[in-house]
Structure formats: structure tokens, C-alpha cells
Engineer: 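Structure provided below as C-alpha cells; questions to follow.
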Amino acid sequence: MGASRSVALVTGAGSPSGIGIAIAKELSKDHEIVVVTSTTERIYARAKEITSNSCEGVGFICDHSDEASVLDLFSKLEGLGALRTLVNNAGMVQVGSNETFLQSHEIELSQWNASIARNLTTAMLATRSALAQMRRNFFGRIVNIASTTGFIQTNVGEVAYASAKAAMVGLTKTVALENARFNITCNAIAPGWIATPSSTEEELRHGKATPLGRSGRPEEIATLARYLASEGSSYLTGQIIVVDGGNSIIEGLSR
């Protein structure tokens, strides 16, 4: 990667207490520049939180479901340094456009398309642009934030979200296979019940019903993301790592 400064990009990091900003803060320990994005101006406050003596935090407004917006973002990244890490965290909750939970017999095509765009297309567009830079540098770490929903389990009313997150598994494995010879790895984290500001009371209750008896913390996802972005994970690619407090190993549920 030469003398260029190392850059990490974390999408969907606007929430002050969400998974995205937790990951960005972890990556700031190993990267000289950490770029964070969201769809609103609150991302500039998140960037300031990342900035330290060893890392520069940079915030950009970007709608990752919009191709033109993503292309504009990556043209700006070209001048910052060598893109080493991409974390595709954008999805589900977006200011002004949250997830709609409808069953398969009642969902409108527009609602289906919006969920697929928010939870899958966002990752595809960012990954496509990132690969152009990573393949030139013969190095890259791509981390997708998937979910246990769709991949292992599902819930009533989540046909679109579950389908998008299940497809994230296929995206992860295919990107890993196609780019392994370029020293680029691609893995996914599948969180279970993680307590964030957007968690509902019902979701927090489900978290307490896991074998570990609590919801996960964003920082527990962040430390794994940092490992997957590190040199130490160089022989790990195409994998989906479940972080759910043991929830998916329960055969008989009483909740």
C-alpha cells in the first residue's frame, strides 16, 4: 500500500450509540483515517468523536442505496489514502425511512424494494466501489454486518428484511471467492439481539431470554469487526460469524 495513509470506511454510523460508531472507534486504533457516513449532518459529530492523536475522523453524508451518491463518496476517498477496510453497516434504521414490518401476503412491491435497497443494495454498491481501489492495492478487508435474521432464524413480518440479510451471506461468500487472489478477504458478522437506541422493549426482552441473559453491546460487535479487519485474520474469508449470546443454539423456547 506504499506510503499512503490507511483508510477505513464504516457506513451507517450516524447514531451516537449504534454499532457503526462503535466499530469506527475500534478501527481508529489501527487506521490513520476512519471515514464514517450517514444520511444526515449528524455524521459530522460522529467524525469528531473518532478524531484522536493517531487517527483522523472524516464524515460524509451519503445515501448508500443511491448509486450516484456512492460513486461521489468514493471519488472523495481516492484523495485520502489507501482504502484498507470497508464495513458495510448501513441498513434497517435510516433517519426518515425506517424498516416496515409486513407479512409476505400484504407487503407492497415498493416496500419490498425499499427494504432490499436499504439492507442489501447499500452493501453491494459500497463493495463494488471499494474493490476497485483494493484490487489496485492488492489488499483489502471487507466486513458485512448481516444478521441472524434470514441466515438462521426469522420473525413474522420480516419477509423483506430477512430476505435481504440472507442474501448478504451470498454476497459475502461470492466477493470472498472472486477477490481472494488479490489478498482481499470478505466476512460477515451476524448479530443477534444488540441493545442500541433503536431497540424496542420487545427486542430488549428477547435479549434477556438468551442463554447469556442479556442483549449484546455494540462494542462486542466492534471488537470482532476490528479483528476481521486486521492482519491476524488473513486466512479467514467467506465466513459468517454469529454473535447472539447463544440464542440460536436453543432448541426449545419458553419466552
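Below, all heavy atoms of this structure are taken into account, side chains as well, without hydrogens, waters or symmetry copies.
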Engineer: Report whether Leu120 and Leu102 are members of the same hydrophobic cluster (ILVMFWY, side-chain heavy atoms less than 4.5 Å apart, transitive linking).
Structural biologist: yes

Engineer: Just checking, is any N or O donor in the side chain of Asn144 or Thr172 under 3.5 Å from an acceptor N or O on the other one?
Structural biologist: yes

Engineer: Any chance you could measure Arg84, atom CZ, to Ile184, atom CD1, to the nearest 0.5 Å?
Structural biologist: 13.5 Å

Engineer: Looking only at the side chains, is there a donor atom on one of Thr127 and Asn88 sitting less than 3.5 Å from an acceptor on the other?
Structural biologist: yes

Engineer: In the structure I gave you, are the side-chain heavy atoms of Phe151 and Val242 within less than 4.5 Å of one another anywhere?
Structural biologist: yes

Engineer: If you look at every heavy atom in Ser65 and Thr122, which pair is closest and at what distance?
Structural biologist: N-CG2, 3.6 Å

Engineer: Evaluate the side-chain proximity of Leu77 to Phe60: yes if any heavy-atom separation is below 4.5 Å, no if none is.
Structural biologist: yes

Engineer: Mark yes or no for whether Thr51, through its side chain, and Ala47, through its backbone, hold a donor-acceptor pair below 3.5 Å.
Structural biologist: yes

Engineer: Only pairs at least two apart or in different chains count here, so list each salt bridge (charged side-chain N to carboxylate O under 4.0 Å, His left out) that has a residue in residues 11-27.
Structural biologist: Lys25-Glu49, Glu26-Lys29, Glu26-Arg226

Engineer: Which pair of heavy atoms, one from Ile21 and one from Ser15, lies closest together, and at what distance?
Structural biologist: CG2-O, 3.3 Å

Engineer: Tell me, do Leu236 and Ile241 make a side-chain contact under 4.5 Å, heavy atoms counted?
Structural biologist: yes

Engineer: Do Thr196 and Ser17 have side chains that approach each other closer than 4.5 Å (heavy atoms only, starting at C-beta)?
Structural biologist: no

Engineer: Check whether any side-chain N or O of Asn187 sits under 3.5 Å from a backbone N or O of Gln239 as a donor-acceptor pair, and report yes or no.
Structural biologist: yes

Engineer: With side chains defined as the heavy atoms from C-beta onward, is the minimum distance between Arg181 and Arg135 less than 4.5 Å?
Structural biologist: yes

Engineer: For Ala8 and Leu27, work out which heavy atoms get closest and say how close.
Structural biologist: CB-CD1, 4.0 Å

Engineer: Nearest 0.5 angstrom please: Ile142 CD1 to Leu171 CG, how far?
Structural biologist: 8.5 Å

Engineer: For the atom pair CD (Glu220) and CD1 (Ile189), what is the distance rounded to the nearest 0.5 Å?
Structural biologist: 12.0 Å

Engineer: Does CD in Gln103 sit with more than 12 non-hydrogen atoms of other residues, nucleotides or ligands closer than 6.0 Å?
Structural biologist: yes

Engineer: For the pair Thr185 (side chain) and Thr237 (backbone), establish whether a donor and an acceptor sit closer than 3.5 Å, ignoring hydrogens and angles.
Structural biologist: no

Engineer: Show the numbers, then the answer: is there a side chain to side chain contact (heavy atoms under 4.5 Å, CB included) between Trp193 and Ser199?
Structural biologist: CA-CA 9 Å; Trp193 302 111; Ser199 296; over 6 Å; no

Engineer: CG of Leu9 to CD of Gln133: how many Å apart, nearest 0.5 Å?
Structural biologist: 9.5 Å

Engineer: Without swapping roles, check the side chain of Lys165 against the backbone of Ile145 for a donor-acceptor pair under 3.5 Å.
Structural biologist: yes

Engineer: Look at Glu56 together with Arg5 and state whether they make a salt bridge at an N to O cut-off of under 4.0 Å.
Structural biologist: yes

Engineer: Tell me whether Asp244 contacts the main-chain N or O of Pro191 through its side chain, where contact means a donor paired with an acceptor under 3.5 Å.
Structural biologist: no

Engineer: Sequence neighbours left out, what passes salt bridge (Lys or Arg N to Asp or Glu O under 4.0 Å) with Arg128? Give chain and number order.
Structural biologist: Glu67

Engineer: Output the distance between atom CD (Gln153) and atom OG1 (Thr148), rounded to the nearest 0.5 Å.
Structural biologist: 5.0 Å

Engineer: Which residue is it: Ile19, Val36, Val143? I am looking for the one with a side chain to side chain contact (heavy atoms under 4.5 Å, CB included) to Asn89.
Structural biologist: Ile19

Engineer: If you define the side chain from C-beta out and look only at heavy atoms, does anything of Met134 sit under 4.5 Å from Phe182?
Structural biologist: no

Engineer: Among Thr11, Leu80, Val10, Ile43, which residue meets the side chain to side chain contact (heavy atoms under 4.5 Å, CB included) test with Val35?
Structural biologist: Leu80

Engineer: Is the side chain of Thr210 donor-acceptor paired with the backbone N or O of Gly246 at a distance under 3.5 Å, no angle test?
Structural biologist: no

Engineer: Can you get from Val169 to Val243 by hopping between Ile, Leu, Val, Met, Phe, Trp and Tyr side chains that sit under 4.5 Å apart?
Structural biologist: no

Engineer: Measuring only between side-chain heavy atoms, which start at C-beta, is Val58 closer than 4.5 Å to Lys76?
Structural biologist: no

Engineer: Can you see which heavy atom on Asp63 is nearest to which on Ser69, and at what distance?
Structural biologist: N-OG, 3.1 Å

Engineer: Walk me through whether Phe101 and Asn155 qualify under side chain to side chain contact (heavy atoms under 4.5 Å, CB included).
Structural biologist: CA-CA 10 Å; Phe101 295 103; Asn155 295 293; over 6 Å; no

Engineer: With rounding to the nearest 0.5 Å, note down the distance linking CG in Leu131 to SG in Cys186.
Structural biologist: 8.0 Å

Engineer: Do Leu109 and Ile116 share a hydrophobic cluster, counting only Ile, Leu, Val, Met, Phe, Trp and Tyr and linking them when any side-chain heavy atoms are less than 4.5 Å apart?
Structural biologist: yes

Engineer: What closest approach, in Å, do Gly18 and Pro197 show between heavy atoms, and which atom pair accounts for it?
Structural biologist: N-CD, 4.4 Å

Engineer: Counting only N and O atoms by type, is there a donor-acceptor contact under 3.5 Å from the side chain of Arg46 to the main-chain atoms of Gly14?
Structural biologist: yes

Engineer: With side chains defined as the heavy atoms from C-beta onward, is the minimum distance between His64 and Leu125 less than 4.5 Å?
Structural biologist: no

Engineer: Taking all non-hydrogen atoms of both residues, which atom of Leu71 and which atom of Ser129 are closest, and how far apart?
Structural biologist: CD2-OG, 3.8 Å

Engineer: For Thr154 and Gly150, indicate whether the former's side chain and the latter's backbone hold a donor-acceptor pair under 3.5 Å.
Structural biologist: no

Engineer: With hydrophobic residues grouped by side-chain heavy-atom distances under 4.5 Å, do Ile61 and Val7 end up in a single group?
Structural biologist: no

Engineer: Does Glu106 have more than 12 heavy atoms from other residues, nucleotides or ligands lying within 6.0 Å of its CD?
Structural biologist: yes

Engineer: May I ask whether Ile194 and Ile152 are part of the same hydrophobic cluster, defined by side-chain heavy atoms of I, L, V, M, F, W, Y residues being less than 4.5 angstrom apart, directly or through others?
Structural biologist: no

